[in-house]
Amino acid sequence: MTNKQNRATAISHPNLAFIKYWGNQDDRLRLPVNSSVSMNLHGLQTQTTVEWGENLEGDTLILNGNYETGRALERVSAHLDVIRERLNLTMRASVLSANNFPMGTGIASSASSFAALTVAAVAAGGGNLTERELTTLARRGSGSASRSVPSGFVRWYKGDSHETSYAESIAAPDYWDVVDVIAVVSGQHKAVGSTEGHQSANTSDLQAARVAGADERLRVCCDAILARDFASFAEVVEMDSNLMHAVMMTSRPPLFYWLPATLAIMEQVRRWRADGLQVCYTLDAGPNVHCICIRKDAEQVKSGLKVLSGVLNVLTAPPGGPANIIEHATE
Ligand code: PMV
């Protein structure tokens, strides 16, 4: 590196997994026990600026306008260490990051945060890496961040090493007219985060059974996306979400993410489907219900969700694009 200060800004979207990632083969490298597939969520985004500086004494982080010093800074700094090692840098960085997700939506931001941080930090550091390698680096910050780097519908191969655990797009955002209609039933931060959750997945007697069937569910799900076959898609997506939550509930100690409204919405979604709407549900490590539907049914699903008891807010997200550099300055 020369004596210059380098800065870049990236944006990235969170993603919603249709076949879930839950549990690692290697916690440090965040190598998952099964492959997964997701879609990026357009309209929700993280914007991150990274500036590397020779004269900085330590990494700094401003997150949603707040100067962070604790756990959030440590996690960002540990991720910057991974990038420093890859790019052979010794400089520290200042990081400015903000999410546009409406406050209190309970939408996890770690995927979009670590995807944007990775892409911005690598560009600012002068690295010219392939998308595949960017996905492996993003994975080290948060597993699901690997899936927020490529565009649209994205498959993350579990692999068996840092290099082979990468993500790639299987279809562009406009390939299939599906929409994620998110029923927000709680805006609270989850009590047990996913990093801890992955570490306890193996304590459930059901995890081995979930993992044993994961390759087959992934195949069925990817085929359904590529064939735009909503009926097969709905069946496998709901099953995979139910399996992950069964593992969570039977871990030691057990993790219950559902609220009463969560279950009521899941039942309602199944009734709507029986009545002919193309809609299915999936849940992450929280009580909010992601209702995936074909775009023509989205308005009906949205207005149906709004009047259900316990629903605080409803957000809508069509498939989104890749993590992108929006500004790159070298002074
Ligand atoms: O990337 P993490 O550690 O935040 O884990 C994500 C876990 C789930 O959202 C529950 C499932 C998934 O595949 O995104």
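All ligand and atom numbering here is 1-based and tracks the order in the structure.
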Can you pull every nitrogen or oxygen pair between ligand 1 and the protein closer than 3.5 angstrom?
| unit_1 | atom_1 | unit_2 | atom_2 | d |
| --- | --- | --- | --- | --- |
| ligand 1 | 1 (O) | S142 | OG | 3.0 |
| ligand 1 | 1 (O) | G143 | N | 3.4 |
| ligand 1 | 1 (O) | S144 | N | 2.8 |
| ligand 1 | 1 (O) | S144 | OG | 2.6 |
| ligand 1 | 3 (O) | S194 | OG | 3.1 |
| ligand 1 | 3 (O) | H198 | NE2 | 3.0 |
| ligand 1 | 4 (O) | S110 | OG | 3.3 |
| ligand 1 | 4 (O) | S194 | OG | 2.7 |
| ligand 1 | 5 (O) | H198 | NE2 | 2.9 |
| ligand 1 | 13 (O) | Y21 | N | 2.9 |
| ligand 1 | 13 (O) | R147 | NH1 | 3.0 |
| ligand 1 | 13 (O) | R147 | NH2 | 3.1 |
| ligand 1 | 14 (O) | R147 | NH2 | 2.7 |

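With ring centers used as reference points, H290 lies 6.0 Å or more from Y281.
Annotation: ring-ring contact (aromatic ring centres under 6.0 Å, His included) contacts involving residues 220-240, sequence neighbours excluded, comprise F18-F233, W176-F233, F230-F233.
Remark: D27 engages no residue in a salt bridge (Lys or Arg N to Asp or Glu O under 4.0 Å) (not counting sequence neighbours). Shown here are the ring pair (Phe, Tyr, Trp, His ring centres under 6.0 Å) partners of H198, two or more places apart in sequence or in another chain: Y21, W22.
Electrostatic pairing of E168 and R147 does not count as a salt bridge here, judged by no charged N lying under 4.0 Å from a carboxylate O. Note on D205 versus R252: salt bridge recorded, some NZ/NE/NH1/NH2 to OD/OE distance being below 4.0 Å.
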